[in-house]
Structure formats: C-alpha cells, structure tokens
Amino acid sequence: MIKITFPDGNSREFESGIKGIEIAKILSNSLASEVLSIGINGENKDLTQSLTQDSSIVFYKWDDVEGKHAFWHSSAHLMAEALESFYPGMKFGIGPAIENGFYYDVELPEGQTISDADFRKIEDKMLEIARGKFDYARTDVSKNEALKFFTDKKDNYKVELITDLEDGTISLYKQNTFTDLCRGPHLPNTSYIKSAKILSIAGAYWRGDEKRKQLTRVYGITFPKQKQLEEYLVLLEEAKKRDHRKIGKELELFTFSARVGMGLPLWLPKGAMLRERLEQFLKKVQKKYGYEPVITPHIGQKELYVTSGHYAKYGKDSFQPIHTPQEGEEFLLKPMNCPHHCEIYKSKPRSYKDLPVRYAEFGTVYRYEQSGELHGLTRVRGFTQDDAHIFCRPDQLSEEFMKVIDIVLYIFKTLDFKDFTTQISLRDKENHEKYIGSDENWEKAESAIIEAANAKGLKTIVEYGEAAFYGPKLDFMVKDALGRKWQLGTIQVDYNLPERFELEYVGNDDKKYRPVMIHRAPFGSMERFVAVLIEHTAGKFPLWLTPEQAVVLPISDKFNDYAKKVSNILNNYDIRTVLDERNEKIGKKIRDNELKRIPYMVIVGEKEAETETISVRRQGEGDKGSFTCEDFAKIINEEIEKQLN
RNA sequence: GCCGGUGUAGCUCAGUUGGCCAGAGCAGCUGAUUUGUAAUCAGCUGGUCGGCGGUUCGAAUCCGUCCACCGGCUCCA
C-alpha cells in the first residue's frame, strides 16, 4: 500500500501501482470525467501513470493551465496525425500547446501547400481519429532507439532535437498511427477531444533562426465540448470588434496613407485631441515630480549616434543618413532622444547639488521596422515617446527609480489598467557582442532594478537576454484585445551612455564624478498607448479623455436655437460639446451618437426650451432625467475629478 | 525581410464556370417630413473593380509583377 496526499492535506492509502485516473474514479465519478492530467510531487504526469510510492497528487482539469496544456498538447499530436494522412512524407518540427490552443511546425513535401481551403478536411480528420478513442501510449526508449526510429522515418528535425537531448531515456507517445517524441503529459486517449478548429497557418523559422529553413506552422484549437468551440469563436469575433484599427477608423482618431508611407500614422483631429489630453495629464504629473521639459530636433549628426553606440548597433538596418548637398554632412532621423538629452546635460558644468536633473520631452523618433512587422498603431515607423532622462548620483539611483515606478503605477491606476505584467529584462551573460559597457556596471544596474522592483512589491518575471544594449530595464506589459502582449511603460538604468558622452558632475570634494542615467517612458509611445487604451475601453474613453464629452440633440429643428444656446453654455463650462443639427428624428440621432460613443447626450425640445433645462442621456445607459446646464456641468466635473482624483 | 491570406463606392459586402452600360445597404447631397430617448420617406451623386503588364474576340473574374493591408515568424534602441 502507498499513501497518497491530496491538495487539501488529507491522505489515503491505495494499492501500489494504482493509476491516477483510477484514484480519481474512486474519489468521485465526476472528478474522473473531468480530470485531464495529474501532478505527482509537483511534476506533471499522465493520468495513466502508475504510482508506486507515497506521493502527493493534484488533479488538473480544464480550468487549470496544466489540464488545458495536456489537452492541447495531445491535440497537437492528433493534428499531426491528420496532417500526415493528407501529406505523406511530411516532416515534423515541434508541436507545443500555447496559451490559446496549439501549433505544429511541419515541412510539407516538395511542391505541396496548405491553405484555408484545406482546414475543414483536417478538422474532420482530427475528429474522425478522435472518435476512434486511441490511447496516447507512452514508451520509454533509449536515445539510440529514438534516433533510429526518427532516422528511419526521415524526420530529420526530430533527429536534431533528440541529438541535442541529454543521454538517457526518451519518451515517445503513440496514438493510432502517429508516434511523436514528447515529454508529455498527455490525455489517456483521443476521445476527450470533441471539437477542433484549424485557425491559421504561418511561416516559422526552424528553431526561431531566420537563417534556417522556414517551416509551415499550423495553428489550431480544440475543446472537450463542441459548445466551447462555438463560444471561443464568438469571443474571437467580439475581440475583433475592439481592435483599435477598426475603432480608430470608426471614431476618426487616426489613419494611414500609403502615399505618406507605411507605418507612419496620421492623427486626425479627434485622435490628436485625445492624445493631447494624455500628454497634458502626464506633463502635470511630471511637473509634480520635478521634471523639466526640453525640446530637441528630429535629426542629429551621425556622429552623435556613433558616440552613443546606436549607429554601430542599428545603423545599417535603419533609415539611411540624410546628406547635406553642400558640405556632405550626414544626419540621422533620430531613433532615440537620449543622445540629445545627454548633450543638454553637457551644456554646462554640473554640481552634485544640481542632481538629479530630469529632462522630459515628447520626442518623436523614427525607426526602420521590417515591413511585415508593422501593426496598426502598436508597431509603427514614426512615433512619439513620452521620454525623459534622469541624470543622478549613484546614491540617488534607487530612490529615483522607485519614483518612476510610482508614476507608471499612478498612470495605470488612473486609466484603469489592472491586467498588466512587469518584466525585468537582463542581459544574456553569454552574449557579450550584444551589449556595451563593463560587467561591473551591468551588475550594478541589474541589481538596482531588481531591488527597486522588490521594494515596490511588483510581481515581476525575469527575462535574460532581453535588455537594451546599453542597460537592463523594467517593462510594463499589457495585452490587447486578441491577447497579444505589448510593452507600454519602460524604465531603464544606464551607466554606459554617461561614459560614452563623458558626462560629469563635481562632487563635494571638488572631484569629478560620473552620473547614472535612467531612461523612462511611462506610456512607452503615445501611439501604442492609445492603441491599447482603445482596445481596453472599446472606444468608450473616460470622460476626461474623450474627444467629445457631450452632444446636444434638438428634437426638431424648431429647437436648434435653444440647442445652440445650450451647447454654448456647456462649452463655456469647459465641457467639450458638439451639436447635432441634422434634420433627423430624435431616435436616429440617439442611435448615431450612441455608436459614436459620446458619453452624454443632451436632448432639448419644447419642454426644455420653456423651462430652460436639458434632458440628459448617458451613453450605453439611457435616460437620466432633466437638469439645468449648471447642475449638469457640476455632475460632469465631479465625474472627471473622481477619475483623476 | 520570410510564409500564408486579402484587396470591388467613404464604410460593410454581392458579383456562379471570363460575356451586354459592375450591384446592394449604410454614409454623403437634394427635397419632403417637424419629429420625445438606438435606424422617417423619396430622389440623386459616387467605382480607372489596388497599380502596371500579359493571355483572349472579350478580364473584376485567368497568368505575371509591384503596392497596401491581415495572421504569424524573425526583429524591436
């Protein structure tokens, strides 16, 4: 007998050799029907795994990532079998579960392609196999046996994967006709999978290396119930409605023109109004925190960026230098504001008493992004950073860094961004080529960030090799409507540029010292931030931000004069008010303005004109009753105050 | 940049296997209506079918090429 301990701390004895699924069945039938995989002493295992010693056990169901993971990983194998049946000789790369579904990287036989038209038959085949209730049978083999198996199958990618594995036993999983190299865990059999959808195909370089062969990546998703697939597809449709590119067009916030150039956003009046409010909001916060605005030009001499190191790092893959016709000088469109700000720091001698110096600028920068990478407002070639550089003494670094975290958190709180993650990006110590500066300075910078993040109680994930070339950073990431992660706020510690620009200050001992720099942008870029804001709010911006706060709707054009008067009064109360004088029925005007997501509709007709009142309707909510203009203005201003507290 | 897909009016989309002047709804304009909380009616305007080249008696439709956009990969100071 062995003792099995459950998550609630209770334990029970079972016969040695019992399988996870059998334990579940003894506990309850409903558990047995829902459980997908198990955790044994913290390791994820198959439900069919036999237990032979005292262990702790956790049952993973659909709602657990581990359960979903096993489900989708098994589904990837199922899809692989379906694909192989249509494309004999297909070679397989990797096929993992991902956040929403799974994919498999495959190499199609010479001359063959997969396209949308083939999705249906692949799905059908998957379900056909699934209904066969084939076991996902695990066998442990030696490395040599595994190599022989995949060499015989001419699956050279699998052979490469196995070759790179450590010696020892290797697990294979087989369902029906398909055998795959896999660590597991998997479902007991294919019958768990009741619905399947092939979502898209894409090219993906083998092992993420663009110098190697590009395989075909097939994305799919499956569910234990048909209904869940339908719900997921509805969810996808809903998400598409929140897409900032769609809403941005509908609400006339921004546009693009092929004639101007791809990835170069054009801000329309309403979008510009929105962005300006955000900028004013941040300027106010920054003023409180002791930042000083500076302004620098859009280009700088190439030498400036040679000094900073940006040219060596990005020069050849970037927009090419602008040459002057007479002197033959070379200028770069600025890809970063920091070198300009460094020169401002250098414009006069600095004392230790002057520090920290904080220079802020909404600086527009231009970067050559690969054409396939451009994406709405989130990835563009010209954008404005809410940039600032803090030059401080080493002893001030930690406090300054934490103050920046405060600013970012304040902004996120004000704009109701609750679901963000924080990532500490450190250097890859193996890869010296990628970075500039001494190990000593990197150590200092990295520990400064880690300490500050800990002191502020941020739950961070650490990524190695993601640092900027001149220093480590702390990034704030937010997801868009389709679950794609975007970096918004960023805070970076930099010992290197001060050295390259030979920045100095005079200490109290009359000796010269080097300051430390913090690069920071709480929004990140105005373009990307607005994009994510649109997706979060579905275009229903907070009252203080929205381009138009109220629209006056006269019942008929007999009341246009009164409507005009009301609109003027409200504008005088600083409420951004527009007038809808069209000759339409009130229902039509309400509908149109509801769709424009203007927060308040002010309806005026005979009643209101006689009593000098207005009838107020809240977008998405309906009639709120009648008010005087003064009272209405008070309500709006209170609402705004609450939002900005 | 690479793989796959898409491109018809300002927007959303029809347009069978190539075949008469390319269609609809919404938006816009004109007129009628004078309206009470999510679509009043009628008429009109609007398109080099993404660009260029080719095949054909004939191309929105087939082929080539370029451009832009969409989903990924790579990249992201």
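The structure presented is a predicted model; accordingly, all values stated were derived computationally and were not measured.
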Under 5.5 Å centre to centre and under 30° between planes: does that hold for A:Phe469 and the six-membered base ring of B:rA77?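 The ring of A:Phe469 is not stacked on B:rA77.
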Would you tell me if any nitrogen or oxygen in the side chain of [X] comes within less than 4.0 Å of OP1 or OP2 on [N]?
{"X": "A:Tyr205", "N": "B:rC73", "answer": "no"}
{"X": "A:Thr216", "N": "B:rC3", "answer": "no"}
{"X": "A:Lys473", "N": "B:rA77", "answer": "yes"}
{"X": "A:Arg245", "N": "B:rA68", "answer": "no"}
{"X": "A:Arg212", "N": "B:rC2", "answer": "no"}
{"X": "A:Lys588", "N": "B:rA27", "answer": "yes"}

What integer distance in Å separates [X]:[atom1] from [N]:[atom2]?
{"X": "A:Asn593", "N": "B:rA39", "atom1": "CG", "atom2": "C1'", "answer": "13 Å"}
{"X": "A:His340", "N": "B:rA77", "atom1": "NE2", "atom2": "P", "answer": "19 Å"}
{"X": "A:Leu264", "N": "B:rC69", "atom1": "CG", "atom2": "P", "answer": "10 Å"}

Pairing check on [N]: which nucleotide meets the Watson-Crick or G-U wobble criteria with it, both distances under 3.5 Å?
{"N": "B:rC11", "answer": "B:rG25"}
{"N": "B:rU35", "answer": "none"}
{"N": "B:rU30", "answer": "B:rA42"}
{"N": "B:rU17", "answer": "none"}
{"N": "B:rU6", "answer": "B:rA68"}

Determine whether any donor atom in the side chain of A:Glu608 lies under 3.5 Å from an acceptor atom in the base of B:rG36, or the reverse, and answer yes or no.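 Answer is yes: a donor-acceptor pair is held.
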Options B:rU40, B:rG71, B:rA77, nucleotide nearest the side-chain atoms of A:Glu584: B:rU40
Side chain of A:Ile555 (C-beta onward), nearest among B:rU35, B:rG5, B:rC76: B:rU35
Over all strands shown, is [X] touching base, sugar-phosphate only, or nothing at heavy-atom distances under 4.0 angstrom?
{"X": "A:Tyr219", "result": "sugar-phosphate"}
{"X": "A:Glu606", "result": "base"}
{"X": "A:Ser200", "result": "sugar-phosphate"}

Partner of [X] under side-chain hydrogen bond (donor to acceptor under 3.5 Å, both in side chains), chosen from [options]:
{"X": "A:Tyr470", "options": "A:Glu499, A:Lys313, A:Gln492", "result": "A:Gln492"}
{"X": "A:Trp486", "options": "A:Thr378, A:Asp480, A:Asp475", "result": "A:Asp480"}
{"X": "A:Glu369", "options": "A:His375, A:Arg379, A:Arg381", "result": "A:Arg379"}

Does NZ or CZ of A:Lys213 come closer than 6.0 Å to the centre of the six-membered ring of A:Tyr205, within 45° of the ring's axis? no
Within 45 degrees of the ring normal and closer than 6.0 Å to the centroid, is that where the cationic atom of A:Lys197 sits relative to A:Tyr232?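 A:Lys197 over A:Tyr232 ring: no.
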Which residue, A:Arg484 or A:Arg591, contacts RNA chain B at a nucleotide closer to its 5' end, judged by nearest heavy atom?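 Looking at RNA chain B, the more 5' nearest nucleotide goes with A:Arg591.
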C1' atom, B:rA59 versus B:rG15: distance in rounded Å? 14 Å
Determine the Euclidean distance between corresponding P atoms of B:rC2 and B:rG46; express it in Å to zero decimal places. 41 Å
For the ring pair A:His432 and A:Trp442, is the centre-to-centre distance below 6.0 Å? no
